[in-house]
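The structure appears right after this line, and notes come after that.
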Amino acid sequence: LIYDRVIPIGTGSHADVSVQVTGDYGFARRINSVPLLGVEFAAGLIDHPIVFARQGTDLFPAALLGLRPDHNDHVAPDGSWRGGYLPAFLRRYPFVFSREEGDPSDSFTLCIDESHPGFNREGRGDRLFDADGKRSQYLEKALAFTSEFQTQFHRTRLFCERLQQLGLLDDAQARYRDSLGREGSMGGFAVINRARLKALGKDDVRRMFQTDQLDLCHAHLHSLQNILRLGEAARFGAGTDMRGA
């Protein structure tokens, strides 16, 4: 969604590279949703609608950031973030794990997006490697964060598989009217059917309760009221903090 020139990190190609954190989220200006990990639901539901985005047969939770195509209502004109909770998917940038296609092992390589505006060889910000060619503290933290992201990604995928196995998801659509009075809609996502969730058998409920998946279901359902905020943002053409809307 946000990566442009992803390169594996190595001492040979990045020995003199630094990354300057600018607080500019302009790279996310044209995306209206991002993946959201299950562990983020409790914090994310305060500010964002949490839905389940479909891509082919795959399905994963997403935080809706706007209802209009290619428009993130939480990035201000100056690139600052005004959307409350900042999803880990965006906090992880410019780092990301990659894996060779067809690789049977479960090994990943830490990469960096060299198109990131803070990527430089002039010493601005934090170095990736120290003078001895060892990973800097900054790079170690980035590696730890990205590793934890991958772990939580797997756990979240298991949650999604459970929802599909139990037949709890329905396709949904959000409608809005923009600042020019034009009507639009956003689809391609699913939500939990509350009635079918309530009708689950005792064994399924117990299993979901024991794995905290039931809490995730309730967090998702509670978060859907935030769609009204995105509708207001579309109506007024806003790119501002909608928590007071």
Side-chain angles (χ1 to χ4, degrees), residues 1-4 21-55 58-96 113 115-117 145 149 152-153 156-157 159-160 169 171-180 182-192 216 219-245:
L1 295 176
I2 56 178
Y3 295 89
D4 184 38
V21 178
T22 63
D24 185 348
Y25 292 91
F27 64 86
R29 191 185 305 280
R30 297 184 62 80
I31 54 174
N32 61 7
S33 68
V34 294
L36 195 75
L37 303 172
V39 72
E40 299 183 89
F41 277 29
L45 71 84
I46 298 173
D47 299 296
H48 309 299
I50 301 171
V51 299
F52 296 89
R54 295 189 185 277
Q55 187 172 11
D58 201 14
L59 180 126
F60 202 80
L64 288 185
L65 305 176
L67 298 182
R68 291 166 290 177
D70 304 323
H71 195 97
N72 185 343
D73 287 308
H74 299 309
V75 176
D78 63 359
S80 61
W81 182 261
R82 296 185 179 178
Y85 181 74
L86 183 62
F89 182 85
L90 299 179
R91 283 184 278 130
R92 181 181 58 164
Y93 185 76
F95 300 98
V96 67
D113 186 355
S115 68
H116 182 270
F145 186 87
F149 185 98
Q152 295 297 337
F153 185 92
T156 305
R157 176 162 281 173
F159 167 59
C160 292
L169 296 170
D171 290 335
Q173 192 174 69
R175 299 183 182 278
Y176 65 89
R177 186 185 301 272
D178 68 16
S179 58
L180 299 179
R182 297 172 299 196
E183 292 185 351
S185 63
M186 178 181 177
F189 64 89
V191 298
I192 291 176
L216 298 183
H220 151 71
L221 290 169
H222 183 69
S223 77
L224 295 179
Q225 63 185 326
N226 290 321
I227 289 180
L228 296 176
R229 296 179 179 179
L230 294 182
E232 288 294 291
R235 178 184 173 191
F236 293 108
T240 57
D241 187 345
M242 295 305 300
R243 285 178 293 173

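Contact of the Leu230 side chain with the Pro49 side chain is registered, since non-hydrogen atoms from C-beta on lie closer than 4.5 Å. Side-chain contact between Arg92 and Phe145 is present, with at least one heavy-atom pair separated by less than 4.5 Å. Residues Ile31 and His71 fail the side-chain proximity criterion, which asks for heavy atoms closer than 4.5 Å. Two residues are said to be in side-chain contact when any heavy atoms from C-beta on lie closer than 4.5 Å; Val34 and Pro87 meet this criterion. Side-chain atoms of Trp81 and Leu90, non-hydrogen and from C-beta on, do get closer than 4.5 Å to each other.
Comment: Arg82 does not engage Asp73 in a salt bridge, judged by the lack of any side-chain N to carboxylate O separation of less than 4.0 angstrom.
Although no hydrogens or angles enter the test, the distance criterion places no donor-acceptor pair under 3.5 Å between the side chain of Asn72 and the main chain of Asn32.
Here the closest non-hydrogen pair linking Asp24 and Gly26 is OD1-N, 2.8 Å.
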Going by atom type alone, with no hydrogens or angles, which donor-acceptor pairs under 3.5 Å involve a side-chain atom of residues 39-46 and a protein atom two or more places apart or on another chain?
{"residue": "Glu40", "atom": "OE1", "partner": "Tyr85", "partner atom": "OH", "Å": "2.7"}
{"residue": "Glu40", "atom": "OE1", "partner": "Ala88", "partner atom": "N", "Å": "2.7"}
{"residue": "Glu40", "atom": "OE2", "partner": "Leu37", "partner atom": "N", "Å": "2.9"}

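Atom OH of Tyr25 sits about 10.0 Å away from atom OG of Ser80, to the nearest 0.5 Å. Atom NE2 of His48 and atom CZ of Arg229 lie 9.5 Å apart (nearest 0.5 Å). In this structure, OG1 in Thr156 is found 8.5 Å from CZ in Phe149, a value given to the nearest 0.5 Å. Atom-to-atom distance recorded for Ile227:CD1 and Leu67:CG is 7.0 Å, nearest 0.5 angstrom. Rounding to the nearest 0.5 angstrom, the gap separating the CZ atom in Phe27 from the NE2 atom in His116 is 6.0 Å. Atom CZ of residue Arg54 and atom SG of residue Cys160 lie 10.0 Å apart, to the nearest 0.5 angstrom.
Taking Phe89 as the reference, nothing meets the ring-ring contact (aromatic ring centres under 6.0 Å, His included) condition, with sequence neighbours excluded.
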Exercise. Do Arg29 and Val75 pass the side chain to side chain contact (heavy atoms under 4.5 Å, CB included) test, and can you show the C-alpha distance, the side-chain angles, and the key distance before you say yes or no?
Worked result: CA-CA 6 Å; Arg29 191 185 305 280; Val75 176; 3.8 Å; yes

Problem set entry | CA sep, side-chain torsions, deciding dist, call: Leu169, Leu59, side chain to side chain contact (heavy atoms under 4.5 Å, CB included) | CA-CA 11 Å; Leu169 296 170; Leu59 180 126; 3.7 Å; yes

Exercise. What's the verdict on side chain to side chain contact (heavy atoms under 4.5 Å, CB included) for Leu86 and His74, showing C-alpha distance, side-chain angles and the deciding distance?
Worked result: CA-CA 10 Å; Leu86 183 62; His74 299 309; over 6 Å; no

Exercise. Between Asp47 and Asn226, is a side chain to side chain contact (heavy atoms under 4.5 Å, CB included) present by the stated rule, with each step listed?
Worked result: CA-CA 7 Å; Asp47 299 296; Asn226 290 321; 5.7 Å; no

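Taking the six-membered ring where the residue is Trp, the centroids of Tyr93 and Phe95 are separated by 6.0 Å or more. Phe60 and Phe153 have their aromatic ring centers within a separation under 6.0 angstrom. The aromatic ring centres of His220 and Phe52 sit less than 6.0 Å apart.
Within a 6.0 Å radius of CD in Gln173, more than 12 heavy atoms belonging to other residues, nucleotides or ligands are found.
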